[in-house]
Amino acid sequence: MKMGCLSTLLLLFSLAFASFSSAEISSQVGICYGQLGNNLPIPKNSVDLIKGLKAKRVKIYDTNPQILEALKGTNLQVSVMVPNELINNISTNQTLADQWVKNNAVPFYPHTMIRYLLVGNEILSSPPNLTWFNLVPAIRKIRFSVKKFGLGKIKVGTPLAIDMLESSFPPSNGTFRSDISEKVMIPLLHFLNRTKSFLFIDVYPYFAWAAQPTVINLDYALLDSKNITVSDPGRVCFIRIYWIK
Ligand SMILES: *[C@@H]1O[C@H](CO)[C@@H](O)[C@H](O)[C@H]1NC(C)=O
Ligand SMILES: *[C@@H]1O[C@H](CO)[C@@H](O)[C@H](O)[C@H]1NC(C)=O
Ligand SMILES: *[C@@H]1O[C@H](CO)[C@@H](O)[C@H](O)[C@H]1NC(C)=O
Ligand SMILES: *[C@@H]1O[C@H](CO)[C@@H](O)[C@H](O)[C@H]1NC(C)=O
Ligand SMILES: *[C@@H]1O[C@H](CO)[C@@H](O)[C@H](O)[C@H]1NC(C)=O
Ligand SMILES: *[C@@H]1O[C@H](CO)[C@@H](O)[C@H](O)[C@H]1NC(C)=O
């Protein structure tokens with residue numbers, strides 16, 4: 001399954017503190033545009049900054065109309081998010097899903113290049129909760145609305161944290177957490193496969209380095225490694241991560 005590069009290319013920095021020169025930033029980079037903070041630049045200035053970094057994608061954590069307006073007419077591919085709080089109600093109510101898509105995506109599409117519609121944020125990392133099991137039904141209803149309003153180009157999915165995995169090493173030993181694998185991951189993966197969407201994963205290599213700085217290479221944490229090869233004995237499995245700059 002192909003991973004959405006939007007979340008895997010996650011950059012952990014506040015726009016206000018961005019200190020990269022544009023030459024250092026690859027054309028593959030996406031920016032997570034959060035709004036937790038004070039003295040935030042106005043959306044237009046943030047969008048100019050993102051364009052200046054030559055990023056190709058931007059993810060926002062809601063459907064802030066001022067931001068979506070500022071992104072209109074740019075070449076940035078945009079990812080928007082349905083808030084966690086609406087998942088339960090949307091999961092049983094197609095009218096509500098329709099209303100949400102009509103109010104939050106239709107007015108901006110296609111001039112704002114919305115490409116990904118994410119339902120909730122890292123839902124499976126909260127304590128066990130009914131919302132886990134309403135996630136895929138809500139995703140299906142949102143996808144139905146997206147098609148109904150002619151926005152079929154938008155891929156629907158949900159970003160998950162790496163804690164969805166119970167084990168991840170070596171790669172061939174990877175397993176999903178047993179409390180979500182049958183009831184959530186299988187239906188989710190079927191949905192993503194059927195709709196040719198992506199499994200979005202938030203990957204924060206910096207935290208892995210911070211926890212074990214002597215074991216993990218700093219280049220890896222800073223996304224500077226050019227060619228990491230992981231060998232997985234017993235399998236013909238070489239994973240090569242190229243970080244294109
Ligand atoms: C969900 O629906 C119930 C019943 O209609 C309503 O009382 C509640 O406010 C809704 N929740 C949200 C977050 O909109
Ligand atoms: C479904 O959502 C619509 C639109 O928000 C609302 O009017 C209706 O009451 C909801 N239906 C149920 C059964 O909660
Ligand atoms: C269940 O999880 C969702 C998503 O993380 C959260 O918004 C909600 O508050 C949680 N509900 C309860 C009862 O813990
Ligand atoms: C595979 O993962 C399990 C934990 O789920 C671990 O106990 C086991 O050692 C791992 N196997 C290898 C070969 O590392
Ligand atoms: C994934 O979708 C393809 C069609 O696009 C289908 O042939 C295949 O069986 C699906 N895989 C699974 C595991 O459902
Ligand atoms: C990447 O690493 C592999 C294994 O160490 C090596 O065979 C290959 O030549 C390297 N490729 C580049 C582009 O450095």
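We count ligands from 1, going down the list as the structure has it; atoms in each ligand are counted the same way.
Shown in contact with Thr131 at under 4.0 Å from a heavy atom are these atoms of ligand 3, numbered in order with element: 1 (C), 2 (O), 3 (C). Interface of Asn193 with ligand 5, defined as ligand atoms under 4.0 Å from a residue heavy atom, comprises 1 (C), 2 (O), 3 (C), 8 (C), 10 (C), 11 (N), 12 (C), 14 (O). Ligand 3 places these atoms under 4.0 Å from at least one heavy atom of Ser126: 2 (O), 5 (O). Listed by number with element, the atoms of ligand 5 under 4.0 Å from a non-hydrogen atom of His190 are 14 (O). Within ligand 3, counting atoms from 1 as listed, the ones closer than 4.0 Å to a heavy atom of Ile123 are 4 (C), 5 (O). Which parts of ligand 5 touch Lys196 is read off a 4.0 Å heavy-atom cut-off, strictly below it: atoms 5 (O).
Distance OG/Ser181 to CD/Glu166: 7.5 Å, rounded to 0.5 Å.
Annotation: side-chain hydrogen bond (donor to acceptor under 3.5 Å, both in side chains) contacts of Asp62 (sequence neighbours excluded): Gln35. Legend: residues meeting side-chain hydrogen bond (donor to acceptor under 3.5 Å, both in side chains) with Thr131, ordered by chain and number and at least two apart, are Asn88, Asn129.
The main-chain N or O of Tyr109 is never found under 3.5 Å from a side-chain atom of Thr112 such that the two would form a donor-acceptor pair. With hydrogens and angles ignored, the 3.5 Å screen pairs a side-chain donor or acceptor of Gln94 with a backbone N or O of Lys141.
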Show the atom names and distances, to 0.1 Å, of all donor-acceptor pairs under 3.5 Å that link a side chain in residues 147-158 to residues at least two apart or in another chain.
unit_1 : atom_1 : unit_2 : atom_2 : d
Lys148 : NZ     : Asp98  : OD2    : 2.5
Lys155 : NZ     : Thr195 : O      : 3.3
Lys155 : NZ     : Lys196 : O      : 3.1
Thr158 : OG1    : Val119 : O      : 2.6

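Contacts with ligand 5 closer than 4.0 Å are made by no heavy atom of Arg194, backbone or side chain.
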Atom pairs and distances, ligand 1 N/O vs protein N/O under 3.5 Å:
unit_1   : atom_1 : unit_2 : atom_2 : d
ligand 1 : 2 (O)  : Asn89  : OD1    : 3.3
ligand 1 : 2 (O)  : Asn89  : ND2    : 2.3
ligand 1 : 11 (N) : Asn89  : ND2    : 2.9

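At a threshold of 4.5 Å between side-chain heavy atoms, the hydrophobic network of Ile, Leu, Val, Met, Phe, Trp and Tyr places Met113 and Leu118 in two separate groups.
Ser46 places a side-chain heavy atom less than 4.5 Å from the side chain of Tyr33.
Relative orientation of the Tyr206 and Trp209 rings is tilted, given thresholds of 30° and 60° on the angle between their planes.
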